[in-house]
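Shown next, in structure tokens, is the structure this report addresses.
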Amino acid sequence: MSSQTFLQLIGLKDGADISVAGTGFTEKLREYITFVENNPAEKNIEKEEGEVTVLYRGFFPYSVEWAQIEREKREKEENHPEALSLKDKGTAVINDLQDNIIVFAICYMRIHWAMGLINAEMMKTPEPDEKDVEWTGDTGQLLAKYRKQRAQLLAANDVLKQAQSLLKKINPQRTAVEKIAAELMGPELAEKTLGPYRSGLRTGDFKKARKALASAVSGKKKFAFDKKKMAQKEEFMKASGDAFINFLEQHHDVLKAKDEKFYLKASETNILIDSNNRDIEKKEEFIKKYFRPFLSYQIKTLKYLRTKLLVVGSLESLMTLYIRMMRGIAEPMPDIKAVRLYESEVIEHVMYLLGGQFQEVKNIEKRIEELVHEFRISVHDYEEVKD
């Protein structure tokens, strides 16, 4: 962006003084920040961050060009001998200062965007029934724990429902073994004979289950049974039992419980699903109760982060510091008083910021990202449980 284009963007004519341009620039910057706070869509923050970066990348070349013109205008005016080294020092850190000022402005904009995002959610969220609900650090930890546990319980129920569906599908084969064994041996003997078979199935010891099934098929039967019919039933019993064993092996990832035991009946999963649902309901009540207090807490946290950010400076103060540095580079410093003032109030301040203060901006940016991530998870969970 040319200096002329930049000045036109902020409504100024060519040749505008750097202080006037700085004021117009900051007003324009405030407009962008207000816009994203009032219109906190994701597409808007990305667009406005780009616009702000372009704006700064227009102002900074303009400021350097302005300094060059001013220096040429006043090149015959004398500088104090110590002024030149300070001017060189300032010139050497221009790029670093420019980059960090942009990072600061983007961070400041992100804080206000995040506030707008959360405030917009609060406006459409009803106040909790219990007006005295208070937020503490323990509440935050518990809410995060409950959100995680709820997600785990829902995932567990999904697996249990898959298991339930599979067991319903294979149930005829399971019941066929039980029924035929009772017909061939009588209920009491069948129950005793099938014990090792069931034990092998339950523990996933399929070798034991196959051996026990073979033993049950070839074992003692009732005397009065038709031999041909008995052979047919034995064959069907073995085929059904083998099919059930093979099915458990094939779907072991779904049918094996946390205790390494296998579900054998669909009804076994019902108890667990019902228990999980009761636990989910408790978690969801907590999530609903503390959703709005959570949003209030996030706003307070963002305000605290903004306060921390303003320790570095404000949009206006950093602009003033930058302009004073450029003026010192461009304009003569004829006496030691001007030199010392520039050194103590400008150069040393700039070095202090570059030496460590600006590093805190990156930490604040990271925390904002974490807060927005937590916010999105909370909104997602709340939307699922509120109705």
Side-chain angles (χ1 to χ4, degrees), residues 40-42 45 110-111 113-167 251-263 266 268-305 308 362-387:
E42 190 72 44
I45 184 62
R110 279 221 162 238
I111 287 176
W113 165 72
M115 284 182 179
L117 198 68
I118 296 166
N119 278 323
E121 187 65 34
M122 286 188 74
M123 288 181 68
K124 62 181 184 180
T125 305
E127 291 277 0
D129 293 334
E130 300 176 49
K131 301 295 183 182
D132 59 344
V133 173
E134 293 184 4
W135 183 272
T136 66
D138 291 340
T139 309
Q141 291 177 3
L142 195 57
L143 181 59
K145 178 182 176 181
Y146 279 4
R147 283 202 305 250
K148 183 178 179 180
Q149 289 177 344
R150 174 181 174 272
Q152 291 170 339
L153 288 166
L154 288 170
N157 271 1
D158 285 342
V159 175
L160 287 168
K161 287 172 183 176
Q162 289 179 49
Q164 190 177 71
S165 177
L166 289 170
L167 290 168
H251 300 286
H252 66 91
D253 55 330
V254 176
L255 298 177
K256 187 190 290 186
K258 288 183 179 180
D259 61 359
E260 299 297 313
K261 301 288 181 66
F262 276 75
Y263 303 116
E268 294 171 358
T269 63
N270 290 339
I271 298 171
L272 294 172
I273 290 172
D274 289 344
S275 175
N276 285 349
N277 283 338
R278 288 192 295 273
D279 206 2
I280 288 169
E281 187 176 348
K282 292 178 183 177
K283 303 290 189 288
E284 291 182 346
E285 285 302 315
F286 191 89
I287 289 170
K288 285 189 283 187
K289 178 179 177 180
Y290 282 97
F291 180 63
R292 191 176 174 90
F294 166 75
L295 298 180
S296 298
Y297 162 75
Q298 283 211 312
I299 291 292
K300 289 178 182 177
T301 304
L302 286 166
K303 288 180 178 178
Y304 167 72
L305 290 176
K308 282 187 71 175
K362 295 178 182 178
N363 296 330
I364 293 170
E365 272 191 329
K366 183 179 179 182
R367 185 66 184 118
I368 295 167
E369 289 178 8
E370 291 170 352
L371 284 170
V372 172
H373 179 66
E374 291 168 7
F375 165 77
R376 294 200 187 285
I377 292 173
S378 248
V379 170
H380 175 268
D381 288 353
Y382 179 72
E383 289 294 328
E384 285 190 341
V385 308
K386 69 179 182 179
D387 296 326

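The figures that follow rest on heavy atoms only: side chains count, while hydrogens, waters and symmetry mates do not.
- Summarising the geometry of Trp135 relative to Tyr290, their closest heavy-atom pair is CZ3-O, 3.8 Å, with the distance given to 0.1 Å.
- The two atoms that bring Val372 and Ala114 nearest to each other are CG2-CB, 4.0 Å, heavy atoms only.
- In this structure, the side chain of Thr125 engages the main chain of Glu121 through a donor-acceptor pair within 3.5 Å.
- For the residue pair Thr269 and Ala163, the shortest heavy atom distance occurs at CG2-CB, 4.2 Å.
- Ion pairing between a basic and an acidic side chain is recognised when a charged N comes within 4.0 Å of a carboxylate O; Asp274 and Arg278 show no such pairing.
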With a 3.5 Å cut-off and sequence neighbours excluded, list the donor-acceptor pairs that the side chains of residues 294-302 form with protein atoms.
unit_1, atom_1, unit_2, atom_2, d
Ser296, OG, Arg292, O, 3.3
Gln298, NE2, Leu371, O, 2.8
Thr301, OG1, Tyr297, O, 2.9

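- Tyr263 and Lys256 make their closest contact through CE1-C, 4.5 Å (heavy atoms, listed as atom of the first residue, atom of the second, distance).
- Glu369 places none of its side-chain heavy atoms less than 4.5 Å from the side chain of Arg110.
- Listed for the Ser378 side chain is no donor-acceptor partner under 3.5 Å among the backbone atoms of Phe375.
- The environment of CD in Glu370 is crowded: more than 12 heavy-atom neighbours from other residues, nucleotides or ligands sit within 6.0 Å.
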What's the verdict on side chain to side chain contact (heavy atoms under 4.5 Å, CB included) for Asp279 and Asn276, showing C-alpha distance, side-chain angles and the deciding distance? CA-CA 5 Å; Asp279 206 2; Asn276 285 349; 5.6 Å; no
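- Look at Glu285 and Lys288 and you find a salt bridge, because one of the NZ, NE, NH1 or NH2 atoms lies within 4.0 Å of a carboxylate O, short of that distance.
- Contact check on Glu284 versus Arg150 returns a salt bridge, with a Lys/Arg side-chain nitrogen under 4.0 Å from an Asp/Glu carboxylate oxygen.
- A pairwise comparison of heavy atoms in Ile364 and Leu305 identifies CD1-O, 3.9 Å as the closest pair.
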For a side chain to side chain contact (heavy atoms under 4.5 Å, CB included) check, start with the C-alpha distance between Gln152 and Lys148, then their side-chain angles and the critical distance, and finish with the verdict. CA-CA 6 Å; Gln152 291 170 339; Lys148 183 178 179 180; 3.6 Å; yes
